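Structure first, then comments.
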There are 2 protein chains.
Amino acid sequence: MSKVELNDKKIQILEVAEKLFSEKGFEGTSIRDISKMAKINIAMVSYYFGSKERLLEALLLYKTSDLKLQIELLLHENLEPLDKVNKLIEIYINRINCNRGIYRILHFELTSKKREENLAAFTELKKGNLKSLETIVKEGQSKGIFRKDVIIPLITPTIMGTFFHFHMNKPFFEELLNLNTETLYNDYIKNSLTKHIQQTIKALLVYEN
Amino acid sequence: MSKVELNDKKIQILEVAEKLFSEKGFEGTSIRDISKMAKINIAMVSYYFGSKERLLEALLLYKTSDLKLQIELLLHENLEPLDKVNKLIEIYINRINCNRGIYRILHFELTSKKREENLAAFTELKKGNLKSLETIVKEGQSKGIFRKDVIIPLITPTIMGTFFHFHMNKPFFEELLNLNTETLYNDYIKNSLTKHIQQTIKALLVYEN
DNA sequence: GTTTAATTTAAACGCTTGTTTAATTTATTT
DNA sequence: AAATAAATTAAACAAGCGTTTAAATTAAAC
């Protein structure tokens, strides 16, 4: 069996690694933790991926492949600008929420280190997504629906940032909002939090003084 | 000399710890790193703070002690609700921007429940700040200025999250917005980013369908 | 069925970690 | 000046780390 392709066992390791990295951080997670939870021998990580660092690389590539496509598809749908924005928010939140771990790593773990070869691919992804958002917003502006003094590159930080801050303070909000179970927590994100972000961005885009 | 109070040497250790924690994370920073950079003996950290975990605790308390006071002062100022919200945002952003390191730690390291329990004091701080925000918003609602279907606990995530996402993607926005120098970057935060957040929250609070 | 390759394993490697010890230096008090 | 307390140090500690080894097991090829 090849060591480059992703077989079931490698994927299993990646899934466990994502879970643990997102819970305890990259440095805070040991290969022994991973191998124990994935029920494989410690040496298998090195055997499959070469090193812990290369495991992280493989994990990033594994998880960040098809978001761009999803957004570009939305771009060409026949929808009103506001509906497109709302759907974009939904895609973003759902996407990040389903891949919490990897986005946590991307935003916090990777920025602290000097991993520019990995960041380059990710930067291109971000630029493309911003371009898509710009297209949607300018469409709404030219239709006279959206106001024109909005700084478009700062919209994404508000969307993503709101989610991240919420999720990063998970224990705090779990207690505050009585989200005792994982289901309750996920439902709150899917409904209330997503709605809050949509409401916020809508207000920002269409509100007139 | 007492071990509880903060003398110059303890403060020196805390400053170094903040710098290294923010650069390399909590797990990624060793006590040897800290002691080397602070030019003290390895044992001094344990001697002064007891453990690495308690050093983090001391660091958090050291850096987040007077924010609560600052916000409670604002609460009793004679200002319109919207002006209070705007000033609150200004306080938050300025505050976080001046203490980037520590807030990075807070977001990055405090996600695990286990650690959150150790830092109950900080949770209380957050609750108090939320209470203050609630007071301001409800004041605006009772005056008929703010809409009433806003989820107040989600306002802070939008304020803080927007800043954090921006700052976490510093290299990306530096290139995108041509913020070539540190001064340009800081000015952008102080002016454009802060204004964007204020504009967003204002729209969220006063926008009517 | 034998040979060859791929997978899996337990054990050990060298190194770093956070913390503790006990001795020494420095400062304070009597 | 002597006695006591505080600060600082080098060294050692056990535990955990990522990684490597070499042997054992399983699968594939001939």
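If you're wondering where the values come from, they're calculated on a predicted model, not measured in any experiment. Residue numbering restarts at 1 for every chain, and letters A, B, ... go by the order of the sequence lines.
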B:K9 NZ to D:dT8 C1', in whole Å, measures 9 Å
Inset, instruction - Please determine if A:K202 forms a cation-pi arrangement with B:Y207, meaning its NZ or CZ atom is less than 6.0 Å from the six-membered ring centre and no more than 45° off the ring axis. - result: no
By the Watson-Crick or G-U definition, both distances under 3.5 Å, D:dA29 is matched with C:dT2
Are any of A:Y47's side-chain N or O atoms less than 4.0 Å away from OP1 or OP2 of D:dT20? no
Walking DNA chain C from its 5' end, the first of A:R32 and A:I40 to be reached, judged by nearest nucleotide, is A:I40
Taken to the nearest whole Å, NZ/A:K52 to P/C:dT16 is 15 Å
From CD1 of B:I42 across to P of D:dA11 the rounded distance in Å is 10 Å
5'-most contact on DNA chain D (nearest-nucleotide basis), B:M44 vs A:D33, goes to B:M44
Practice prompt. Would you sort out whether B:N129 and B:S132 count as a side-chain hydrogen bond (donor to acceptor under 3.5 Å, both in side chains), showing the intermediate values?
Written response: CA-CA 5 Å; B:N129 292 346; B:S132 300; 5.2 Å; no
Whether A:Y188 and A:F166 hold their rings parallel, tilted or perpendicular, with breakpoints at 30° and 60°: parallel
Q. Are B:K9 and B:Y48 in a cation-pi setup, meaning NZ or CZ lies under 6.0 angstrom from the ring centre and within 45 degrees of the ring axis?
A. no
Using a cut-off of 4.0 Å on non-hydrogen atoms, how would the nucleic acid contact of B:T29 be classed: base, sugar-phosphate, or nothing?
sugar-phosphate
From CD1 of B:I31 across to P of C:dT19 the rounded distance in Å is 5 Å
Rounded to whole Å, the CG-C1' distance (A:N41 to C:dT8) equals 7 Å
Does B:E77 come within less than 4.0 Å of B:K87, counting only side-chain N to carboxylate O?
yes
Assign each of A:A43 and A:G28 the nucleotide of DNA chain D bearing its closest heavy atom; nearer the 5' end lies the nucleotide of A:G28
Checklist entry - Within less than 4.0 Å of OP1 or OP2 of D:dG16, is there a side-chain N or O belonging to A:S30? => result no
B:E53 atom CD is separated from C:dT19 atom C1', nearest whole Å, by 14 Å
Whole-Å distance, A:E27 CD to C:dT16 C1', equals 12 Å
When rounded to whole Å, the CG to C1' distance for the pair B:L56 and C:dG18 reads 15 Å
